Participant: 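Sharing a structure, written as structure tokens. Questions coming.
Order of appearance sets the numbers: ligands from 1, and atoms from 1 within every ligand. Predicted model only: the values in this text are computed from it and were never measured. These values consider heavy atoms only, across backbone and side chains, with no hydrogens, waters or symmetry-generated copies.
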Amino acid sequence: MKKVVKFGGSSLASAEQFQKVGDIIRADKARRYVVPSAPGRRFDNDTKVTDMLYCCYEAAEKGESFKSKLKAIKARYDEIIHGLNLELSLDEEFQTIEEQFKAKAGKDYAASRGEYLNGIIMAHYLGYEFIDSAQVIVFDEDGSYNDDKTMEKLSARLQSVERAVIPGFYGAMENGKVKTFSRGGSDVTGSIVAKAVRADLYENWTDVSGFLVADPRIIFNPEVIETITYRELRELSYMGATVLHEDAIFPVRSMGIPINIRNTNKPQDPGTLIVESTCRQPKYTITGVAGKKGFVAINIEKDMMNSEIGFGRKVLSVFEDNGISFEHMPSGIDTLTVFVHQTEFEEKEQKILAELHRIVTPDLIDLEGDLALIAVVGRGMRATRGTAGRIFSALAHANVNVKMIDQGSSELNIIIGVSNKDFEAAIKAIYDIFVTIQL
Ligand code: ASP
């Protein structure tokens, strides 16, 4: 068995957290490849080391003094080193960082030092080999991640290494310039390492016990999802971003490697297992319900729309030309509605409307803003009759007016549009009918 384990910032924010991580790794011999984040928040209102680095580098770039800022960052690491009683000094590393900041090595270089230094401490603490991600994670000159080259380098490098620490979040271009993934990108590194070593499992350790059936800000103490498929997770992407970086699923998914979300502070909890497919029946008919406020519906009407070839394409080309992606597009015989993010749309509203009038000459366009979209997702829905019936009667009882319904042909999801103001009530009604009452 071979496992890749990634630990998020809050799991590595202090010496105490490092000790928990050490215990977790030592508890299972299969946990051979470790991907750490930078130290995160130790308490509410604390600052993540990554943010301290961005701020420090900003000062350096402006030619301002950044010594005290860098000192505060060093103090974060020294606190961990001393708390763990390690014989390790980062003085030389900080010397180099200071020089590189003065030489304006770049924002990405600056941010990457958070994981780099944490990786050095982690390797020292565990007695594992340290591998600098700049040597093995490859980016192209245009800044995009190069999977083929990375797989080649990383697999070759790790082949003879029994146990290693590979810092998350960054790699380098072939000219040596450091490049990071987007924020939260250590999740992506973990997934890449899991693919490179063909791991049996990618464990992603964070500060929650997995994905929740619904948002805990709306539902008190919601249930944890035990098993979810990659497709379901994509459908629930409205809720996914904070637990797992969206791009983290692609490398492992292509190899059929499951991801297990685990809680460093509650290692006894099984967490959520994300798999390609499963015959395990979900506990409830729905796997999860998630949503987001702030959409606008652009409703376009035109007589005989259904026989006008290319109508949909022309409508969508207007959004494409304006750099706006659409979320859903339910249609009727002579109507077509495009749902987009309101904030993005508002900036270009009049331009888009003018272009739509010019390109598709509709009879009418009307707009409805302040809408929320809710995705009810579950592989269990396919085998269950009456799911839609239950959802809509629950919504009716909660006095929620449904503005749009869209069921994917996969029967994996039902999308419901409601007013922003009804959003919380709708989520609660759906959660209660499937989970609390379990009708
Ligand atoms: N430390 C980086 C961030 O704060 C990357 C990560 O934690 O995954 O975004």
Participant: Would you mind running through ligand 1 and noting each atom that sits below 4.0 Å from a heavy atom of Arg183?
Facilitator: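 Numbered from 1, ligand 1 contributes 3 (C), 4 (O), 9 (O).
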
Participant: Counting heavy atoms only, which part of His245 comes closer than 4.0 Å to ligand 1: side chain, backbone, both or neither?
Facilitator: neither

Participant: For salt bridge (Lys or Arg N to Asp or Glu O under 4.0 Å), just list the numbers for Lys177 and Asp108, CA-CA rounded to whole Å, side-chain angles, deciding distance to a tenth of an Å, and then say yes or no.
Facilitator: CA-CA 9 Å; Lys177 196 170 164 56; Asp108 283 16; over 6 Å; no

Participant: Please work out whether any backbone atom (N, CA, C, O) or any side-chain heavy atom from C-beta onward of Ser37 is under 4.0 Å from ligand 1, and answer side chain, backbone, both or neither.
Facilitator: side chain

Participant: Considering only non-hydrogen protein atoms, determine which one is nearest to atom 6 (C) of ligand 1 and report residue, atom name and distance to 0.1 Å.
Facilitator: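 Checked against all protein heavy atoms, atom 6 (C) of ligand 1 sits closest to Ser186 OG, 3.4 Å.
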
Participant: Say whether Gly184 and ligand 1 are in contact under the criterion: heavy-atom distance to a ligand atom below 4.0 Å.
Facilitator: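 True for this residue.
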
Participant: Measure the spacing between CZ of Arg234 and CZ of Arg253 and express it to the nearest 0.5 Å.
Facilitator: 9.0 Å

Participant: Need the ligand 1 atom indices (1-based, order shown) with element for anything under 4.0 Å from a heavy-atom of Phe169.
Facilitator: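 Answer, ordered by atom number: 2 (C), 5 (C).
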
Participant: Taking only non-hydrogen atoms of Gly185, do any sit less than 4.0 angstrom from ligand 1?
Facilitator: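 A heavy atom of Gly185 does come that close to ligand 1.
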
Participant: Please list, in number order, the atoms of ligand 1 under 4.0 Å from a heavy atom of Glu115.
Facilitator: 1 (N), 2 (C), 5 (C), 6 (C), 7 (O)

Participant: If you draw the axis of the six-membered ring of Tyr125, does the NZ or CZ of Arg26 fall within 45° of it and under 6.0 Å from the ring centre?
Facilitator: yes

Participant: For the residue pair Thr227 / Arg280, report whether a side-chain donor-acceptor contact shorter than 3.5 Å exists.
Facilitator: yes

Participant: Ignoring hydrogens and geometry, is there a side-chain-to-backbone donor-acceptor pair from Thr189 to Phe169 under 3.5 Å?
Facilitator: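 Yes; judged by distance alone, with no hydrogens or angles, the pair exists.
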
Participant: Which residue and atom name correspond to the protein heavy atom nearest atom 1 (N) of ligand 1, and how close is it?
Facilitator: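 The closest one turns out to be Thr50 OG1, 2.8 Å.
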
Participant: Quick one: pull up CG in Asp422 and NZ in Lys293 and give me the separation to the nearest 0.5 Å.
Facilitator: 10.0 Å

Participant: Both conditions, 6.0 Å and 45 degrees, for the charged tip of Arg113 above the ring of Tyr170: are they met here?
Facilitator: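 Yes, Arg113 sits over the ring of Tyr170.
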
Participant: Would Lys6 count as being in polar contact with ligand 1, using the rule that some N or O on each side must be under 3.5 angstrom apart?
Facilitator: no

